[in-house]
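Written below as structure tokens is the structure these notes are about.
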Amino acid sequence: MSESDSAELARQRQGIQSIEVGTRLLRALAASRRSMMLRDVARNAGMPAAKARRYLVSFMRMGLVEQDANSGRYDLGEFALELGLASLARVDPVRLAGPILDDLCEQIGATVALAMWGNHGATCVRWVEAGGPVTVTLRTGVVLPLTTSATGLAFSAFYRSPYLKRLLESEVQAVASATGQTPAEMRSALAVQLEEIRRHGIARASGSMTPGINGCSAPVFGHTGRMVAAVTSLGLIGSFDIDWDSPIAQGTRDAAAMLSRRLGYGSSDPADGEDPAAAVGVES
């Protein structure tokens with residue numbers, strides 16, 4: 001590469017410093033839950049008020065910022081909202097989950113998977129096998145039971161859907177019949193189990209779906225505060241610790257939390273003012 005080419009490449013990498021400086025103001029407005037006075041925006045962006053105002057005037061012309069005519073407070077404008085919505089529309093949980101699942105698999109040395117809610121229930125959409133002398137596999141496309149798998153229990157505890165309630169009730173009836181329990185007994189026991197899952201932020205199952213296999217699954221929330229997926233870890237009983245505070249359980253929770261953040265969770269208030277961990281409920 002010639003000296004002139006190197007100089008041109010260096011100039012391209014430099015970018016436009018004034019845009020980078022001005023973006024600090026947008027970040028300050030985005031981080032605030034309410035509109036802000038000029039002095040507060042400037043302070044949070046780390047620049048003099050006079051300088052901040054010049055940037056804000058330009059951003060107002062672009063629609064990135066708006067100013068209340070009565071209070072003088074600044075807030076994000078309509079174009080900022082358009083950009084945010086366009087970005088969210090392009091978010092792909094499966095794509096974003098890839099590196100997170102790879103890291104979790106390497107961290108805990110176990111098979112990990114991502115499940116999403118499909119037409120037939122909680123469905124595995126991606127999995128990463130840990131390898132080793134004995135492998136635990138989870139086929140893509142498999143639909144997981146709501147009461148006997150860690151993934152299904154995570155959805156039962158955190159996912160909101162009338163269809164889930166119908167599937168859950170149907171499964172309760174079938175399991176109660178197969179085990180000799182009454183449906184009322186099954187619902188009561190399940191309600192206690194789901195409340196415990198919500199309290200700890202993770203579901204777990206030991207040999208209930210597949211003999212000899214333990215599993216734990218943590219919910220992933222989207223930008224509206226609603227559950228959109230579950231991160232699941234699987235391993236052999238005896239070597240796969242699913243205690244609430246085990247490194248495996250904590251690693252699974254952390255991975256789900258990281259994916260939630262990348263999907264925009266925590267960047268706005270939950271939809272309809274609801275608690276994102278609110279129960280679906282088990283009807284009696």
Side-chain angles (χ1 to χ4, degrees), residues 9-100 103 114 116-117 125 158-161 218-231 254-278:
L9 182 59
R11 282 193 294 271
Q12 291 176 2
R13 288 176 176 173
Q14 285 177 353
I16 302 174
Q17 187 177 12
S18 61
I19 293 179
E20 296 172 5
V21 172
T23 300
R24 302 207 309 257
L25 294 164
L26 298 177
R27 290 186 180 276
L29 289 170
S32 175
R33 292 287 183 175
R34 62 189 66 185
S35 57
M36 304 173 71
M37 297 298 292
L38 174 60
R39 63 176 182 273
D40 298 321
V41 183
R43 183 180 64 252
N44 289 358
M47 68 177 70
K51 180 179 180 180
R53 188 179 185 283
R54 291 196 296 272
Y55 278 104
L56 290 170
V57 168
S58 293
F59 287 146
M60 288 168 62
R61 291 172 181 163
M62 299 164 61
L64 286 169
V65 171
E66 61 184 20
Q67 184 182 27
D68 186 275
N70 295 319
S71 67
R73 289 177 172 270
Y74 294 90
D75 206 346
L76 294 175
E78 290 187 5
F79 185 44
L81 176 61
E82 290 179 23
L83 288 175
L85 293 175
S87 177
L88 287 171
R90 290 168 171 77
V91 168
D92 179 359
V94 180
R95 176 180 58 83
L96 292 177
I100 294 175
D103 289 345
L114 182 77
M116 298 182 70
W117 189 256
V125 295
F158 294 100
Y159 191 74
R160 303 189 193 100
S161 164
V220 175
F221 299 103
H223 71 283
T224 63
R226 295 180 180 274
M227 181 181 179
V228 296
V231 172
D254 290 345
M258 179 180 294
L259 181 54
S260 295
R261 289 192 296 272
R262 294 188 179 179
L263 291 173
Y265 176 59
S267 61
S268 60
D269 293 331
D272 303 323
E274 298 180 52
D275 180 354

Q) Under 30°, 30 to 60°, or over 60°: which ring-plane class applies to Y265 and F221, parallel, tilted or perpendicular? A) tilted
Q: Please name the pair of heavy atoms, one in A229 and one in L114, separated by the smallest distance, quoted to 0.1 Å.
A: CB-CD1, 3.9 Å
Q | From M37 atom CE to R73 atom CZ, the distance as rounded to the nearest 0.5 Å | A | 6.0 Å
Q. Considering all heavy atoms of both residues, which atom of R24 and which atom of G46 are nearest to each other, and what is their separation?
A. NH2-O, 3.2 Å
Q: Would you please name every residue forming a side-chain hydrogen bond (donor to acceptor under 3.5 Å, both in side chains) with S71, sequence neighbours left out?
A: D68
(Q) To the closest 0.5 Å, what do you measure between CG (L81) and CG (L76)? (A) 9.0 Å
Q | Partners meeting side chain to side chain contact (heavy atoms under 4.5 Å, CB included) with A218 (sequence neighbours left out) | A | I202, T252, R253, A256
Q. Measuring from R226:CZ to S161:OG, what's the distance to the nearest 0.5 Å?
A. 10.0 Å
Q | Test side-chain hydrogen bond (donor to acceptor under 3.5 Å, both in side chains) applied to Y74 - qualifying residues, sequence neighbours left out | A | Q67
Q: Would you mind listing every salt bridge (charged side-chain N to carboxylate O under 4.0 Å, His left out) that reaches into residues 36-49, with sequence neighbours excluded?
A: D40-R43
Q: Name all residues meeting the side-chain hydrogen bond (donor to acceptor under 3.5 Å, both in side chains) criterion together with N44; count only those two or more places apart in sequence or in a different chain, and write none if there are none.
A: none
Q: Given side-chain contact (heavy atoms from CB on, under 4.5 Å), test V231 with I100 step by step and report yes or no.
A: CA-CA 10 Å; V231 172; I100 294 175; 5.6 Å; no
Q) How long is the gap from CG on D92 to CZ on R262, to the nearest 0.5 Å? A) 13.5 Å
Q | R34 versus S32, closest heavy-atom pair with distance | A | O-OG, 2.7 Å
Q: Not counting sequence neighbours, which residues clear salt bridge (Lys or Arg N to Asp or Glu O under 4.0 Å) with R53? List them please.
A: none
Q) Quick one: side chain to side chain contact (heavy atoms under 4.5 Å, CB included) partners of A257, sequence neighbours excluded? A) R261
Q. Is there side-chain contact between L64 and L83, with at least one heavy-atom pair below 4.5 Å?
A. yes
Q) Among all residues two or more places apart in sequence or in another chain, which pass the side-chain hydrogen bond (donor to acceptor under 3.5 Å, both in side chains) test with D254? A) Q250
Q: Any chance you could measure L29, atom CG, to L56, atom CG, to the nearest 0.5 Å?
A: 6.5 Å
Q | Contacts of type side chain to side chain contact (heavy atoms under 4.5 Å, CB included), residue A52, not counting sequence neighbours | A | L25, L38, A42, M47
**Q.** With sequence neighbours excluded, residues passing side chain to side chain contact (heavy atoms under 4.5 Å, CB included) with S58
**A.** none
